[in-house]
Amino acid sequence: MTDIRTIENGDLGDALAIINDAARAYRGVIPDDRWHEPYMSSTELASEIADGVAFWVAEQDGRLVGVMGMQDKGEVLLVRHAYVATTIQRSGLGTRLLRHVLALTRKPVLIGTWADANWAIDFYRRNGFTVVSNKEKDLLLRKYWSIPERQIETSVVLADSRWLERRRT
Ligand SMILES: CC(C)(COP(=O)(O)OP(=O)(O)OC[C@H]1O[C@@H](n2cnc3c(N)ncnc32)[C@H](O)[C@@H]1OP(=O)(O)O)[C@@H](O)C(=O)NCCC(=O)NCCS
């Protein structure tokens, strides 16, 4: 049985292990100067939480198997740091986690990911998201994210239908 719940202090070590295991998919794919191991340190995770990223975790038979964060930026909500344990990827858990966090908001939702992470882009597209233009991506990443310029260059932004609808009006 899979239970999706908010993260607790006791989950942080297991959550980091999932993030750093799943993030190995980026090695050799994203630009070398952006790759480092571990991909996320405990200090970075703590600082993301302090910065307002609310994490949800998926637990299966008492074991953490997935992590997904959301960050409220006022007019929009960002989905941040989505990771599923490598042993159970492509079995629908990422979709369940994403639907869970999306159901918690009525705000337009944006997601940033590496431009070369085709599988992640595919995952979000299958879940109704659309890649925005490069020009829009630069504006959005500067407005809502705090990431280095080099990461802006090498990322894409995907938007949900609410965001696309709002942009049209
Ligand atoms: C992206 C991720 C969170 C999706 O979770 P998941 O549980 O694997 O996703 P689901 O099972 O719900 O959806 C699977 C779909 O996602 C895409 N996908 C996920 N992993 C993939 C992979 N390794 N290769 C190709 N497509 C992949 C495919 O469209 C896949 O559908 P398919 O299996 O029918 O081809 C997970 O694969 C992951 O942690 N990847 C590594 C880290 C990452 O890229 N995170 C996103 C950061 S924003």
Side-chain angles (χ1 to χ4, degrees), residues 1-5 7 11-32 34-41 44-45 47-49 51-61 63-73 76-105 108-132 136-138 140-141 144-148 150-160 163:
M1 208 187 86
T2 310
D3 180 34
I4 297 180
R5 58 172 176 78
I7 201 164
D11 297 321
L12 295 178
D14 290 343
L16 265 181
I18 290 169
I19 292 170
N20 287 320
D21 176 38
R24 290 207 176 95
Y26 299 143
R27 188 170 43 188
V29 175
I30 65 170
D32 285 346
R34 304 312 308 155
W35 166 254
H36 42 88
E37 199 164 0
Y39 186 71
M40 189 183 280
S41 67
E44 278 173 86
L45 179 58
S47 121
E48 289 293 77
I49 293 171
D51 203 31
V53 181
F55 281 94
W56 267 258
V57 293
E59 194 176 62
Q60 245 172 37
D61 305 321
R63 238 169 37 93
L64 238 56
V65 285
V67 181
M68 195 169 287
M70 57 198 273
Q71 190 171 23
D72 193 331
K73 286 286 178 174
V76 299
L77 191 118
L78 310 181
V79 170
R80 309 280 316 275
H81 310 300
Y83 294 95
V84 166
T86 47
T87 46
I88 60 155
Q89 282 177 9
R90 302 184 87 164
S91 61
L93 182 65
T95 299
R96 281 194 57 189
L97 265 166
L98 184 62
R99 288 191 183 147
H100 187 91
V101 300
L102 293 179
L104 299 170
T105 186
V109 177
L110 297 172
I111 301 176
T113 191
W114 297 106
D116 290 330
N118 294 329
W119 65 87
I121 295 172
D122 193 36
F123 166 72
Y124 293 122
R125 276 200 172 125
R126 290 175 70 138
N127 280 289
F129 284 76
T130 305
V131 178
V132 305
E136 223 154 22
K137 176 244 339 183
D138 289 347
L140 292 170
L141 288 173
Y144 296 120
W145 276 260
S146 308
I147 54 172
R150 177 78 176 123
Q151 193 170 339
I152 293 179
E153 277 168 32
T154 51
S155 294
V156 289
V157 168
L158 296 107
D160 72 348
W163 189 87

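Side chains included, hydrogens not; waters and symmetry mates left out as well; all remaining heavy atoms used. Counting convention: from 1, in listed order, for ligands and their atoms alike. Predicted model, so just to flag it, every value in this text is computed and none were measured.
The stretch residues 19-31 participates, sequence neighbours left out, in these side chain to side chain donor-acceptor pair (under 3.5 Å) pairs: D21-T86, R24-E37, Y26-Y83, R27-E37.
Among Y26, W119, Y39, the residue whose heavy atom sits closest to atom 21 (C) of ligand 1 is W119. Nearest to atom 3 (C) of ligand 1 by heavy-atom distance, out of A117, S155, A82, is A82. Nearest to atom 31 (O) of ligand 1 by heavy-atom distance, out of Q89, R126, R24, is R126.
Without hydrogens or angle criteria, D3 side chain to E59 main chain gives no donor-acceptor distance under 3.5 Å. In this structure a side-chain-to-backbone donor-acceptor pair under 3.5 Å is missing from D32 to G28. With hydrogens and angles disregarded, a donor-acceptor distance shorter than 3.5 Å links the side chain of H36 to the backbone of P38.
For atom 29 (O) of ligand 1, the nearest non-hydrogen atom of the protein is D122 OD2, 2.7 Å. Given atom 12 (O) of ligand 1, the protein heavy atom at minimum distance is T95 OG1, 2.5 Å. With respect to atom 11 (O) of ligand 1, the closest heavy atom belonging to the protein is G92 N, 2.7 Å. Given atom 41 (C) of ligand 1, the protein heavy atom at minimum distance is A22 O, 3.6 Å. Closest to atom 7 (O) of ligand 1, if we only count protein heavy atoms, is G94 N, 2.8 Å. Atom 13 (O) of ligand 1 has its closest protein heavy atom at F123 CD1, 3.6 Å.
Proximity of S91 to ligand 1, defined as any heavy-atom pair under 4.0 Å, is confined to the backbone N, CA, C and O atoms.
Within a 6.0 Å radius of CZ in R5, more than 12 heavy atoms belonging to other residues, nucleotides or ligands are found. More than 12 heavy atoms of other residues, nucleotides or ligands lie within 6.0 Å of CZ in R150, so this atom counts as buried by the packing criterion.
Looking at ligand 1, you won't find any N or O of A25 less than 3.5 Å from one of its N or O atoms. Below 3.5 Å of separation, one finds an N or O of R90 facing an N or O of ligand 1. On a distance-only criterion, V84 and ligand 1 share at least one N/O pair closer than 3.5 Å. Not a single N or O atom of Y124, backbone or side chain, sits closer than 3.5 Å to an N or O atom of ligand 1.
Atom numbering of ligand 1 starts at 1 in the shown order; those under 4.0 Å from a heavy atom of Y83 are 39 (O), 42 (C).
Nearest heavy-atom pair, K137 versus E153, reported as atom, atom and distance to 0.1 Å: NZ-O, 3.7 Å.
Within the 4.5 Å cutoff, the side chain of V84 has no heavy atoms near those of the V67 side chain. For the pair F123 and T95, the minimum side-chain heavy-atom distance is below 4.5 Å.
Donor-acceptor pairing under 3.5 Å is recorded for the side chains of S41 and E44.
Residue W114 places every heavy atom at 4.0 Å or more from ligand 1.
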